[in-house]
Number of protein chains: 2
Amino acid sequence: MQKKYLTIYEDLVKQIQSNVWPPSSMLPSENELTSHYHTSRETIRKALNLLSQNGYIQKVRGKGSVVLDIHKFSFPVSGIESYTELAEKLQLETRTIVHTLDYLEADNDIAKILRIDPSDSVWTVERIREISGEKIILDKDYFNEMYVPLLSEEICGQSIYEHIENNLGLVIGFAQKEIVVEEPTEEDRELLDLEGFSNVVVIRSQVYLDDASLFQFTESRHRPDKFRFVDFARRVKK
Amino acid sequence: MQKKYLTIYEDLVKQIQSNVWPPSSMLPSENELTSHYHTSRETIRKALNLLSQNGYIQKVRGKGSVVLDIHKFSFPVSGIESYTELAEKLQLETRTIVHTLDYLEADNDIAKILRIDPSDSVWTVERIREISGEKIILDKDYFNEMYVPLLSEEICGQSIYEHIENNLGLVIGFAQKEIVVEEPTEEDRELLDLEGFSNVVVIRSQVYLDDASLFQFTESRHRPDKFRFVDFARRVKK
DNA sequence: ATTTTGAACTTGTATATACATGTTACGTTT
DNA sequence: AAACGTAACATGTATATACAAGTTCAAAAT
């Protein structure tokens, strides 16, 4: 079965993005959408709640759904998106350099983070992201071999996430991220075009699969002037 | 009517935080919760979806709800929380210095951001946040007078959000945030204890009310070594 | 002219039912 | 011993109904 509420959600997203419902205008009411899509009100409400969660609309009781004016394109966006997906969406002129690709016993820190035995092996990838000819980002990825048994230089040069989702059939669920600002390491200075900047922005993520198993740890080190993070947040109900 | 699904959600949050359901354990099934709370399954599912959205659990089809191990305490946390709320939660030894408090005609940039007429007036507040004796953060707030007609030095020294929600009865809905790293301005160097750091982390937020009206713009400038942002993100469905 | 009332709309909450689909464990078959 | 099948149970989707509660606007009352 294809999920009705998801197709309706995607349809409405497309309409909002193509300005059928411009910012500050009202979406049709739930009842109108119900009869338009030949479905039940609850199904429409599921689709609208998805729109609301993702920052497309604001539901106002008694009134309706206001379309929000959210420019979702920035770099890097919040959420879980691979560099390749972002680069495509933003049409960046980008190149990826696979600096190292190793299959090693996990050192203590990584083993602890990935919650595995230090004798277990881990795929370790270091990649440099070049944007318009400048080396801007250093990505260090660590994969639990239990879920990602094999990586190749070719896969790393393309998109690891694409490989994980399409070839390995794993479903990525959620991530816990941390963003901090640190001093560049020797490696940062060596591999990136830091141009005298005395800080790098470091994004550390633990990425989990659909079934809540931890499969990846990532450290993404950015030149500060090229870093931008955009977030849509709702006030938590009390 | 008090909302059942919200009370159940809050009850479960409390239980998770007090380790009744420790990380990696399973919550009772939806049917068990249904009979325990004497309600319908849909109501339980609403509560569980809230837990899932806020990173407390991961639902796994066919299995149940896994409790996640997410340390939600960091500074500053994602979401919309006032400095005062954060400081209390984290038990920071903190002091707020109200540097300026003005009621002025909006300059062009601010008027544009707040989408008001340049002849309209705006409340402008600059506050310095001192943590353990060090001046770490410079907060610059701009309020649309239509929603916030009056501010006092006392209110600014306490919590503006508390005033807005409890005294003015406004309901904060959502925010659009941007995080970037910039060079310190003259004002930053003057007002903050920058200790030679050559960057500041700048968080710019547009904050909207429940009915999607824009009422505040904020610029929060942080010393980079004291900045930390934590985010819980779900992979967007395709 | 101003205020009040109420009908007709909107979204929010709660419940019930049905079936689809993924997981697990155990007994049966091979 | 291994493979298979199936029942029992888990969550996911779709629908229907009822009522609560906020918004709007026009008619009626003051």
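This structure is a prediction, so every number in the text was calculated from the model and none was measured. When reading the values below, keep in mind they use all heavy atoms of this one structure, side chains included, and skip hydrogens, waters and symmetry mates.
Taking only side-chain nitrogens and oxygens, B:Tyr5 comes nearer than 4.0 Å to OP1 or OP2 of C:dT13. Note on A:Thr43: a side-chain N or O is less than 4.0 Å away from OP1 or OP2 of D:dT15. OP1 or OP2 of D:dT24 lies within a sub-4.0 Å distance of a side-chain N or O belonging to A:Lys63. For the pair A:Asn31 and C:dC9, the criterion of a side-chain N or O lying under 4.0 Å from OP1 or OP2 is not met. Within the structure, a side-chain polar atom (N or O) of B:Lys3 is placed less than 4.0 Å from OP1 or OP2 of C:dT13. A close approach under 4.0 Å does not occur between any side-chain nitrogen or oxygen of B:Ser29 and OP1 or OP2 of D:dC9. Dashed line: the shortest gap from a side-chain N or O of A:Thr39 to OP1 or OP2 of D:dT15 is under 4.0 Å.
For B:Arg45, the listed nucleotide lying nearest its side chain is D:dT13; candidates were C:dA14, D:dT13, C:dT10. When distances are taken from the side chain of A:Lys59 to each of C:dA14, C:dT11, D:dG12, the shortest belongs to C:dT11.
What separates NZ of B:Lys46 from P of C:dG12 is a distance of 9 Å, to the nearest Å. The interatomic distance linking B:Glu30 (CD) with D:dC9 (P) rounds to 15 Å, in whole Å.
B:Tyr208 meets the ring pair (Phe, Tyr, Trp, His ring centres under 6.0 Å) test with B:Phe174; sequence neighbours excluded.
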Discussion item. Between A:Asn31 and A:Ser29, is the side chain to side chain donor-acceptor pair (under 3.5 Å) condition met? List the steps.
Written reply: CA-CA 5 Å; A:Asn31 281 323; A:Ser29 76; 5.2 Å; no

Practice prompt. Take B:Gln15 and B:Asp11 through the test side chain to side chain donor-acceptor pair (under 3.5 Å) and record every step on the way to the result.
Written response: CA-CA 6 Å; B:Gln15 289 178 28; B:Asp11 195 41; 3.1 Å; yes

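Each of B:Asn49 and A:Arg61 was matched to the nucleotide of DNA chain D holding its nearest heavy atom; the match closer to the 5' end belongs to B:Asn49.
Ion pairing between a basic and an acidic side chain is recognised when a charged N comes within 4.0 Å of a carboxylate O; B:Lys3 and B:Glu10 show no such pairing.
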